[in-house]
Amino acid sequence: MRDAPIGIFDSGFGGLTVARAVLDQLPHEPVLYLGDSARQPYGPKPIGEVREYALECLDHLVGRGVKVLVIACNSASAAVLRDARERYEVPVVEVILPATRRAVAASRNGHVGVICTEATAVSQAYEDAFAAAPQITLHTQPCPLFVEFVERGITSGPELLTVAFEYLAPLVDQSIDTLVLGCTHYPLLTGVLSYVLGDDVTLVSSADETAKDVYRLLVRHRMQRPAATSPPVHRFLTTGQPKEFRALGQRFFGPELDRVDQFSWVGV
Ligand code: DGL
């Protein structure tokens, strides 16, 4: 079991920011990544549809014998948060609660912002998560165009800056001092976000916080793969086109994202 891979699932590319953070902290662990890029984006879809797709992908990763499941997508985490832990025997890590904990600890004035997709905003998953911290007032702002920008390779420039000022204005008006990046694409936008918000606003990346949770889980449950064994073999699967996945995926993960295989539901 200790040699089994960590299963990481996302609607497509964003989860690669989580995979990157996990492997930076746990370089001996093999990762099995599944990106449902053929059906992405999940963000604008109704929550029931996101739930159906997410459970299908998660069931598949569990069927392949992963030792931990990481739901590396805020929209999918929001859609299955309540029952994923009951459905699977392997431990499940998602992205919403780790980021919430960090934001609660970081905020000084009690005003926290969350930026996210429409699906995550509609689900009220962050509102539910922050309910355990009544001293915090949460301000949620959907930012649907951010995913499109990142996927077009645009993470700076005047067009993005104008949109960022528009999206973030209501959060600035509320004097937030902490911002949760509630979508796994957003770590690629920390430059523009901190440019608009300034240094006094703490940015909380759900990718980094989730990786810390994975680390904690493996250490606590003695599930770490021994460091002295052979180098880990990672597998990256996409339901879309491997060539495209590799090209854009390298922006998120780095040049080590080399081999990508196509995954098809046929025959599963
Ligand atoms: N990975 C998704 C999330 O974190 C964003 C991309 C999508 O909409 O599918 O919400």
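Whatever order the structure lists ligands and atoms in, that order sets their numbers, starting from 1. Side chains are part of it too, since the values below use all heavy atoms of this structure and drop only hydrogens, waters and symmetry mates.
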I'd like the atom pairs linking ligand 1 to the protein - N or O on both sides, separation under 3.5 Å - with distances to 0.1 Å.
{"unit_1": "ligand 1", "atom_1": "1 (N)", "unit_2": "Asp10", "atom_2": "OD1", "d": "2.9"}
{"unit_1": "ligand 1", "atom_1": "1 (N)", "unit_2": "Ser11", "atom_2": "OG", "d": "3.4"}
{"unit_1": "ligand 1", "atom_1": "1 (N)", "unit_2": "Thr184", "atom_2": "OG1", "d": "3.2"}
{"unit_1": "ligand 1", "atom_1": "4 (O)", "unit_2": "Asn74", "atom_2": "N", "d": "2.9"}
{"unit_1": "ligand 1", "atom_1": "4 (O)", "unit_2": "Thr184", "atom_2": "N", "d": "3.0"}
{"unit_1": "ligand 1", "atom_1": "4 (O)", "unit_2": "Thr184", "atom_2": "OG1", "d": "3.2"}
{"unit_1": "ligand 1", "atom_1": "8 (O)", "unit_2": "Tyr42", "atom_2": "N", "d": "3.3"}
{"unit_1": "ligand 1", "atom_1": "8 (O)", "unit_2": "Gly43", "atom_2": "N", "d": "2.7"}
{"unit_1": "ligand 1", "atom_1": "9 (O)", "unit_2": "Ser11", "atom_2": "OG", "d": "2.7"}
{"unit_1": "ligand 1", "atom_1": "9 (O)", "unit_2": "Tyr42", "atom_2": "N", "d": "2.7"}
{"unit_1": "ligand 1", "atom_1": "10 (O)", "unit_2": "Ser75", "atom_2": "N", "d": "3.1"}
{"unit_1": "ligand 1", "atom_1": "10 (O)", "unit_2": "Ser75", "atom_2": "OG", "d": "2.7"}

Count the heavy atoms of every other residue, nucleotide or ligand shown that sit under 6.0 Å from OH of Tyr195, and state whether that count exceeds 12. no
Have a look at Tyr42 and tell me which of Asp36, Asp10, Thr117 forms a side-chain hydrogen bond (donor to acceptor under 3.5 Å, both in side chains) with it. Asp36
Phe245 and its ring pair (Phe, Tyr, Trp, His ring centres under 6.0 Å) partner, picked from Phe13, Phe252, Phe263: Phe13
Centres of the Phe253 and Phe236 rings: under 6.0 Å? yes
Check ring-ring contact (aromatic ring centres under 6.0 Å, His included) between Tyr215 and all other residues, then give those that pass, not counting sequence neighbours. none
Tell me whether Asp59 is salt-bridged to Arg87, with the criterion being a basic N under 4.0 Å from an acidic carboxylate O. yes
